[in-house]
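One structure is given here, and the rest of the page talks about it.
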Amino acid sequence: MSAPVGPTAGTPGETARAIAAAVRRGDRRARDVVEEALARIAEGDPEVHAFLLVTADAARTAADAVDAAVRDGRDPGPLAGVPIAVKDNLCTRGVPTTCASRILDGWRPPYSATVIERVHAAGGVVVGKTNLDEFAMGSSTENSAFGPTRNPLDRSRVPGGSSGGSAAAVAAGFVPLALGSDTGGSIRQPASLCGVVGVKPTYGRVSRYGLVAFASSLDQVGPLAATVDDAALLLEAVGGPDPADSTSIPEPFPSLDPDDPGSSPEDLSGLRVGIVTELTHAPGVQPEVVAAVLRAAEVLEERGASVREASVPSAGLGLSAYYLIAPAEASSNLARYDGVRYGHRAAAGEITEMYGRTRAEGFGAEVKRRIMLGTYALSAGYYDAYYGTAQKVRTLVGRDFAAAYGEVDALLAPTSPTVAFALGERTEDLLAMYLSDVCTIPSNLAGHPAISVPAGTGEGGLPVGVQVLAPAMGEPVMFRVARAVEAGIAAAAAAEVVTP
Amino acid sequence: MTGAQHGYEAVIGLEVHVELATATKMFCGCRNEFGAEPNTNVCPVCLGLPGSLPVLNEAAVDYALRFGAALGFDVPPESVFARKNYFYPDMPKDYQISQYELPICTDGHLDVDGVRIGIERAHLEEDTGKTQHAGETGRIHGAEHSLVDYNRAGVPLMEIVSRPDIRSAEQARAYVAELRGVLSALGVSDVKMEEGSMRVDANVSVRPTGSEVLGTKVEVKNMNSLRSLARAVEHEIQRQVGVVESGGTIVQETRHWDEEAGVTHSMRTKEGSEDYRYFPEPDLVPVAPDDAMRARAASAVPELPAAHRERLVREWGIAAHDARVLVDDRELVAYAEAAVAAGAPGRDVANWCTGEILGHLNETGGSASTLVLAPDGLAELIELVTDGSLSRKLAKEVLAECLREPRRPRQVVEERGLAQVSDEAELAAVVERVLAEHPADVEAYRSGDDKSRKKKRGFFMGELMKATRGSGNPKLLNRLLDEHLG
Amino acid sequence: MAADREPLSRADVRHVAHLARLELTDGEVELFTEQLRTVLGHADDLSGVDLTGVPPTAHPLPLRNVLRADVPRPGLDRDEVLAEAPDAVDGRFRVPRILGEEG
């Protein structure tokens with residue numbers, strides 16, 4: 001078996017940046033890189049089930065094209081030859097896109113998402129579509145209609161969700177880079193549970209065109225990788241304005257280069273960081289998770305940052321607001337799955353019957369639940385009390401963050417209250433499942449960027465991630481702090497190994 | 001018989017949907033064109049494919065602002081799109097992107113025959129696809145299945161909602177006719193009811209005359225022409241008066257106008273009224289019309305039909321009715337104005353245009369912009385009549401020929417020798433000769449009463465026309481006849 | 001506010017299921033009624049919050065006037081589109097009969 005990828009404790013191997021550099025130099029052939037990835041997937045994925053579909057032939061063709069470009073002296077792009085896994089709610093032209101739902105089983109989109117086009121243009125090689133909770137609704141990937149994904153670090157446990165397949169693909173060393181989507185934490189939480197890096201950008205930084213919508217005002221596409229630098233590499237390649245997305249920020253995507261002036265992760269003097277009290281002490285946060293946050297804080301202090309407590313008082317209300325706003329938007333976004341134009345259609349003699357039966361047969365329980373909840377929250381007589389109120393609470397969350405950022409430049413918080421839980425453990429307990437997102441949701445509500453960085457282990461040696469939060473458009477400072485956390489945690493871990 | 005005669009007053013509000021004549025659809029770059037092969041003007045956005053997103057057409061916004069400027073609307077600082085959620089096969093997303101709480105235009109008005117009709121709002125939304133029901137009647141009941149074409153899905157619509165200020169079927173018709181004229185003059189829609197680019201729904205209620213309380217309103221749909229609108233509204237008013245007078249209550253419902261039977265039918269209502277669950281569209285950002293956008297829209301408002309009609313009446317000295325006929329037809333009035341610019345008097349131009357030319361257009365189904373005779377040719381024809389070279393009667397024939405073939409009037413007159421004889425000496429000789437040939441009639445004229453004189457004159461004129469083969473200048477002949485008859 | 005509200009009833013659930021065009025079994029109606037009550041119960045913590053003068057966040061971004069030039073762009077090939085259709089004939093999507101109101 002060839003060298004796995006990712007330089008962190010769980011996934012030693014080459015970084016995406018190193019692969020791309022080697023391919024661009026001509027030192028490695030993209031084709032060889034992709035064959036190695038496909039071999040690793042073939043060998044390891046039957047037990048992990050990160051992938052719903054491996055697009056081997058298309059990957060080989062793409063890799064060959066990269067090699068041809070290098071041979072011809074053309075620039076193959078910053079992701080040259082890097083194998084990339086893509087969450088199966090991103091449209092890939094001519095390739096089935098299921099959203100892990102039976103209702104779209106077999107549907108081949110006639111177009112690709114903007115982020116997919118950008119991956120191709122950057123020389124990246126898409127190797128397959130990864131598993132997710134159906135329509136991105138869930139926190140464990142157990143809501144997939146095609147079976148769960150298992151956490152590569154402990155296969156009796158969940159990888160988190162909804163981007164569980166993408167997180168697992170990176171954590172298992174199948175690929176160095178993956179794309180996921182994050183509506184309430186769906187990139188960051190699985191990243192934390194699998195011990196990899198996951199980023200939700202500022203709302204509007206990355207095009208949503210071609211991302212199958214769950215909750216339009218909350219959804220964002222983002223990278224998962226084994227290192228912060230690799231996550232930056234992928235994010236820079238896919239981010240930036242898109243005329244096909246009206247909610248896309250018109251400013252060009254900023255540079256995330258640590259060598260840019262004022263971006264050094266080594267010297268953080270002058271930088272002020274706050275630990276979000278309400279999130280660090282949210283319901284269910286395990287002691288080892290709190291410890292990880294404090295460890296990250298220490299690391300930052302060692303590098304010159306000043307760290308203090310910070311307060312975002314309405315963060316605690318985020319969960320309730322989210323579980324009204326997201327299902328409401330989802331109930332509308334998922335209405336189009338009606339059997340008329342594509343996907344599954346149930347047999348029926350009359351249209352209303354056809355709608356009702358198609359959707360009953362095609363959707364899983366969690367999706368139905370959220371559609372019902374969302375429809376109710378928007379319905380006549382209830383709009384003001386539910387959806388309307390939740391959108392006001394959202395304003396409060398935004399204001400509280402703004403106040404906090406008046407005093408600090410970045411925030412620290414846990415990502416997931418716990419380490420990875422067992423498969424089946426929370427499937428019957430709705431609220432317990434929903435609580436997984438308590439620390440990640442506020443950033444979606446505010447539209448702010450957030451990144452989860454592995455910060456050691458907790459119960460059972462399972463990974464614990466911590467979040468670095470920044471204000472809207474704050475990717476540069478966020479990545480700076482995240483690099484510092486990563487380097488500091490790695491240094492501390494190395495030191496621990498030396499002195500058992 | 002109108003509702004008012006029974007002691008009841010009709011209260012009518014109209015919702016008019018117009019398809020905007022933009023090049024592309026509201027939220028995507030697919031062509032906005034009528035009559036294309038089914039499902040050939042579609043893309044991920046207007047099909048509502050998973051992952052697709054809408055992007056607003058700047059021309060649609062411009063047209064809405066132009067309409068707002070034309071009819072005195074308020075254009076609030078921010079306007080928001082909203083989703084209207086319901087299921088139907090012609091709805092690709094099973095929600096329609098429309099506007100709800102913050103429409104682009106509010107509080108406008110349209111003056112109709114001296115009465116100001118308030119317009120509550122005008123907003124933008126996307127059109128649906130088209131369903132065709134396969135079955136004997138082509139209507140929904142009895143259809144086995146339906147076929148859906150999404151070419152129209154996403155076409156920009158502007159919905160114009162009047163206040164319930166309309167009081168009769170005729171006023172309803174006049175409101176829509178005037179609105180159509182405004183929209184056409186603004187160039188924002190081709191407003192063809194027969195093609196569906198303008199659609200009207202009516203909300204009709206009745207109440208005892210003098211009451212301030214509104215009656216239960218009934219929505220009436222499926223009126224495909226102005227005439228059908230007037231008939232349907234009148235029928236519905238009578239129906240409601242009938243129900244109320246016989247002690248019944250009006251059911252709030254939607255009724256479908258059946259043009260053939262001349263009645264409205266109740267449409268089968270669903271259990272409970274539809275709950276559209278409106279919420280602000282998260283995939284679009286608000287429109288905040290800035291000064292540049294507002295100025296641009298205002299500067300694109302031309303002379304509107306009412307002002308145009310008034311001006312023609314004033315400047316050309318024509319009747320209001322004729323002015324209306326002209327202004328109602330954009331191309332015809334442009335033609336007429338070009339003829340006036342070429343030197344012909346407005347009154348004469350108006351006569352010809354509302355008479356023979358309009359008749360020709362109706363017969364051939366053409367439009368004034370494709371007339372073979374150019375406006376300056378009409379001016380030439382008029383000049384020939386005015387200077388006496390051509391009798392009006394023959395001028396009609398010349399015109400008919402010039403409308404068929406690309407000929408100039410002067411050419412035709414020369415070739416066919418139709419020049420009117422206005423030489424006084426020549427005509428006097430003819431008059432003398434004709435009178436000499438009918439001495440008994442001359443005697444009868446001189447001794448007859450007014451009535452028989454009139455008759456004899458007619459006879460003489462007829463003979464004179466024959467004698468001059470129609471080319472005698474009638475005015476001149478009349479005068480000469482008078483002189484010779486004494 | 002919320003405390004005075006009647007808890008979600010089975011009839012509410014059936015009504016909402018109809019609005020959402022989801023055919024539910026009796027068992028599902030029972031289950032969802034219970035589950036939705038639980039989630040909504042939590043949503044009721046929002047009712048105690050003082051929201052006077054707080055506007056809703058309909059759009060997280062301060063963007064305005066994102067407009068597109070009125071220029072045609074090529075669309076999709078009809079065959080490609082209809083290839084994914086569950087049922088199509090004569091270039092159009094076919095659906096079973098529609099009872100009730102016309103759109």
Side-chain angles (χ1 to χ4, degrees), chain A residues 107-108 110-111 203-204 217 243 246-250 314 317 319-321 323-324 331 335 338-345 348-357 359-360 363 368-369 371-373 375-377 379 385-386 388-396 398 430-431 434 445-447, chain C residues 1-2 5 8 12-13 15-25 28 31-33 35-36 38-47 49-63 66-68 76-77 80-88 93-100:
Chain A
W107 177 61
R108 291 166 193 268
Y111 77 107
Y203 182 84
S217 73
S246 297
T247 60
S248 161
I249 292 171
S314 52
L317 299 172
L319 198 65
S320 300
Y323 277 101
L324 289 171
S331 71
D338 59 11
V340 173
R341 293 161 291 283
Y342 43 81
H344 173 65
R345 180 192 287 197
E350 184 273 327
I351 195 115
T352 306
E353 220 176 24
M354 186 195 98
Y355 286 151
R357 225 170 265 174
R359 291 158 66 75
F363 289 139
K368 286 180 189 170
R369 230 180 332 263
I371 289 175
M372 301 273 292
L373 185 54
T375 305
Y376 185 67
S379 64
Y386 289 124
T389 297
Q391 289 286 45
K392 290 179 181 179
V393 169
R394 187 173 181 176
T395 303
L396 284 186
L430 271 189
L431 293 181
Y434 292 170
L445 291 175
Chain C
M1 202 198 345
R5 198 173 309 121
L8 184 74
D12 291 331
V13 169
H15 174 64
V16 167
H18 173 68
L19 287 178
R21 299 300 188 270
L22 279 174
E23 212 173 82
L24 298 182
T25 63
E28 282 172 318
L31 180 64
F32 286 149
T33 304
Q35 290 178 332
L36 293 182
T38 308
V39 178
L40 287 169
H42 261 263
D44 288 340
D45 15 306
L46 298 184
S47 63
V49 181
D50 181 10
L51 294 169
T52 357
V54 181
T57 299
H59 299 93
L61 295 169
L63 290 178
V66 175
L67 300 169
R68 171 181 61 82
L76 290 174
D77 178 61
E80 206 178 354
V81 168
L82 291 179
E84 298 299 322
D87 189 13
F93 296 85
R94 181 162 54 184
V95 297
R97 66 201 178 104
I98 306 163
L99 294 177

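Sequence lines set the chain letters: A, B, ... in the order given, protein chains first and strands last, and positions in each chain run from 1.
- Looking at D87(C), the atoms closer than 4.5 Å to chain A (heavy atoms on both sides) sit in the backbone and in the side chain alike.
- Looking at Q35(C), both its backbone and its side chain come within 4.5 Å of chain A, counting heavy atoms on both sides.
- Using a 4.5 Å cut-off between heavy atoms, L67(C) does not touch chain A at all.
- Two residues are said to be in side-chain contact when any heavy atoms from C-beta on lie closer than 4.5 Å; L396(A) and L51(C) meet this criterion.
- Neither the backbone nor the side chain of Y111(A) comes within contact range of chain C, judged by heavy atoms closer than 4.5 Å.
- Contact annotation for P110(A): both backbone and side-chain heavy atoms come within less than 4.5 Å of a heavy atom of chain C.
- Taking NE2 from H59(C) and CD from Q391(A), the interatomic distance works out to 9.5 Å, rounded to the nearest 0.5 Å.
- Distance check: R21(C) CZ to M354(A) CE gives 11.5 Å after rounding to the nearest 0.5 Å.
- Only the backbone of S248(A) comes within contact range of chain C, with heavy atoms under 4.5 Å apart.
- Partners of E23(C) under the side-chain hydrogen bond (donor to acceptor under 3.5 Å, both in side chains) rule, at least two apart in sequence or in another chain, do not exist in this structure.
- Interface remark: M372(A) contributes backbone and side-chain atoms alike to the contact with chain C (heavy atom separation under 4.5 Å).
- A distance of 4.5 Å separates CG of L431(A) from NE2 of H42(C), quoted to the nearest 0.5 Å.
- To the nearest 0.5 angstrom, L61(C) atom CG is 6.5 Å from Y203(A) atom OH.
- In this structure, the portions of T247(A) lying under 4.5 Å from any heavy atom of chain C include both its backbone and its side chain.
- Without hydrogens or angle criteria, R359(A) side chain to A20(C) main chain gives a donor-acceptor distance under 3.5 Å.
- Listed here is the closest heavy atom pair of G339(A) and P86(C): O-CG, 3.3 Å.
- At a 4.5 Å heavy-atom cutoff, the contact between L373(A) and chain C is made by backbone and side-chain atoms alike.
- Heavy-atom distances place no part of R68(C) under 4.5 Å from chain A, backbone and side chain included.
- Of the residues considered (V39(C), T57(C), V81(C), L36(C)), T57(C) shows the highest number of contacts with chain A, using heavy-atom pairs under 4.5 Å.
- For the atom pair OG1 (T375(A)) and NE2 (H18(C)), the distance works out to 11.5 Å, reported to the nearest 0.5 Å.
- Looking at V16(C), the atoms closer than 4.5 Å to chain A (heavy atoms on both sides) sit in the backbone and in the side chain alike.
- Here S246(A) is the residue among S246(A), A335(A), G398(A) with the most heavy-atom pairs under 4.5 Å with chain C.
- Listed options L24(C), V54(C), L31(C), V66(C) were ranked by heavy-atom pairs under 4.5 angstrom with chain A; first place goes to V54(C).
- For chain A, the nearby parts of L22(C) are the backbone and the side chain; heavy atoms of each come within less than 4.5 Å.
- Across all their heavy atoms, K368(A) and F32(C) have their closest contact at CB-CZ, 3.7 Å.
- Within the 4.5 angstrom heavy-atom criterion, only backbone atoms of A348(A) (N, CA, C, O) approach chain C.
- The choice from S331(A), S379(A), G356(A) that makes the most heavy-atom pairs within less than 4.5 Å of chain C is G356(A).
- The two residues P250(A) and L63(C) come nearest to each other via the heavy atoms CD-CD2, 3.5 Å.
- Interface check for chain C: of the options G349(A), A446(A), S217(A), the most heavy-atom pairs under 4.5 Å are formed by G349(A).
- In this structure, CG on L46(C) lies 10.0 Å from OH on Y386(A), to the nearest 0.5 angstrom.
- With a 4.5 angstrom heavy-atom cutoff, L324(A) touches chain C only via side-chain atoms.
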